[in-house]
K.L.:
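The structure follows.
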Amino acid sequence: MNRHEEREKAMITVYEDLLAERDLDELIEDTYQMKVEDVDPYFVDVIRTAVKNKDRYAGYINEVLKDWSFDRLGMIEKAILLNGCAEFDLKQLSAAVIIDESVEMARKYCDKDAYKLINRVLDVI
């Protein structure tokens, strides 16, 4: 599995947590179809950081959105933004890579123009 596929699985895991808060290790294992210990530790950190800090990240996102709010976003958009914020916090990749990967996921999984919102929010944060 390449890093892009792992990043998508990380987003799906956070999306599933947003829908139904379950044990995070179980969600990771269900999504990746392997034991948590066998998942790339970077993406386990991304998932755990996103879930742990979702309220703080929602605050950052709300500051950027101004006439909108984090709560009004679709669940997939939320998951992409939370993971992007978590990757920023982990400081292991450049902002450009994080934003590009997030925009690509938005193009694949979200409504037609949602990638623009993802790009703008992460660019400001």
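Everything quoted here is computed from the prediction, not taken from an experiment.
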K.L.:
Do you know the tightest heavy-atom contact between Ile80 and Cys110?
P.N.:
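Shortest heavy-atom separation between Ile80 and Cys110 comes out as CD1-SG, 3.8 Å.
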K.L.:
Does the cation-pi check pass for Lys78 over Tyr15, that is, NZ or CZ under 6.0 Å from the six-membered ring centre and within 45° of its axis?
P.N.:
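The answer is no; the distance or angle limit is not met.
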K.L.:
If you round to the nearest 0.5 Å, how far is CG of Asp45 from NZ of Lys52?
P.N.:
10.5 Å
K.L.:
Of the non-hydrogen atoms in Glu29 and Val36, which two are nearest, and what is the gap between them?
P.N.:
OE2-N, 3.3 Å
K.L.:
Quick one: CD1 on Ile47 to CG on Leu24, what's the gap to the nearest 0.5 Å?
P.N.:
6.5 Å
K.L.:
What's the spacing between Met105 CE and Asp100 CG if we round to 0.5 Å?
P.N.:
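Taking CE in Met105 and CG in Asp100, the distance rounds to 11.0 Å.
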K.L.:
Ion pair present between Asp89 and Arg56, side-chain N to carboxylate O less than 4.0 angstrom?
P.N.:
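So Asp89 pairs with Arg56 through a salt bridge.
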K.L.:
How close do Asp67 and Arg72 get, counting heavy atoms only, and between which atoms?
P.N.:
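Shortest heavy-atom separation between Asp67 and Arg72 comes out as O-NH1, 4.3 Å.
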K.L.:
Quick one: closest heavy-atom pair of Asn2 and Glu5, and the distance?
P.N.:
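Looks like OD1-N, 2.7 Å.
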K.L.:
Is the shortest heavy-atom distance from the side chain of Lys9 to the side chain of Val39 under 4.5 Å?
P.N.:
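No - every pair of side-chain heavy atoms lies 4.5 Å or more apart.
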K.L.:
Output the distance between atom CG (Leu18) and atom CD (Glu77), rounded to the nearest 0.5 Å.
P.N.:
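Leu18 CG to Glu77 CD: 11.0 Å, rounded to 0.5 Å.
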K.L.:
If you measure from the Lys or Arg side-chain nitrogens to the Asp or Glu carboxylate oxygens, is any gap between Asp30 and Arg22 under 4.0 Å?
P.N.:
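Looking at Asp30 and Arg22, the cut-off is met.
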K.L.:
Nearest heavy-atom pair of Glu63 and Lys66: which atoms, and what distance?
P.N.:
O-CG, 3.6 Å
K.L.:
Within a strict 4.5 Å, meaning less than it, do heavy atoms of the Ile61 and Val64 side chains meet?
P.N.:
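They are not in side-chain contact.
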K.L.:
For Gly84 and Ser102, work out which heavy atoms get closest and say how close.
P.N.:
CA-OG, 4.3 Å
K.L.:
CD/Glu16 to CG/Leu27 distance, rounded to the nearest 0.5 angstrom?
P.N.:
5.5 Å
K.L.:
Evaluate side-chain contact (heavy atoms from CB on, under 4.5 Å) for Leu73 paired with Leu65, printing each intermediate quantity in order.
P.N.:
CA-CA 10 Å; Leu73 296 174; Leu65 293 175; 4.1 Å; yes
K.L.:
Under the salt bridge (Lys or Arg N to Asp or Glu O under 4.0 Å) test, which residues partner Lys108, sequence neighbours left out?
P.N.:
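Applying salt bridge (Lys or Arg N to Asp or Glu O under 4.0 Å) to Lys108 gives Glu8.
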K.L.:
Evaluate the side-chain proximity of Asp17 to Lys54: yes if any heavy-atom separation is below 4.5 Å, no if none is.
P.N.:
yes
K.L.:
Show the atom names and distances, to 0.1 Å, of all donor-acceptor pairs under 3.5 Å that link a side chain in residues 111-125 to residues at least two apart or in another chain.
P.N.:
none

K.L.:
Within the 4.5 Å heavy-atom criterion, are Asn83 and Tyr57 side-chain neighbours or not?
P.N.:
no
K.L.:
Any non-hydrogen side-chain atom of Glu87 less than 4.5 Å from a side-chain atom of Val97?
P.N.:
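Of all side-chain heavy-atom pairs linking Val97 with Glu87, none is under 4.5 Å.
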K.L.:
Are the side chains of Tyr42 and Arg3 in contact, using a 4.5 Å heavy-atom criterion?
P.N.:
yes
K.L.:
Show your reasoning for whether side-chain contact (heavy atoms from CB on, under 4.5 Å) applies to Phe43 and Tyr32.
P.N.:
CA-CA 11 Å; Phe43 291 106; Tyr32 282 83; 3.6 Å; yes
K.L.:
I need the Arg7 CZ to Glu101 CD distance, nearest 0.5 Å.
P.N.:
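Result: 4.5 Å between the selected atoms.
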K.L.:
So does Met34 get a backbone contact from the side chain of Asp38, meaning a donor-acceptor N/O pair under 3.5 Å?
P.N.:
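Pair absent, no side-chain N/O of Asp38 close to backbone of Met34.
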K.L.:
Does Phe88 reach the side chain of Leu93, with side-chain heavy atoms less than 4.5 Å apart?
P.N.:
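No, every pair of side-chain atoms sits at 4.5 Å or beyond.
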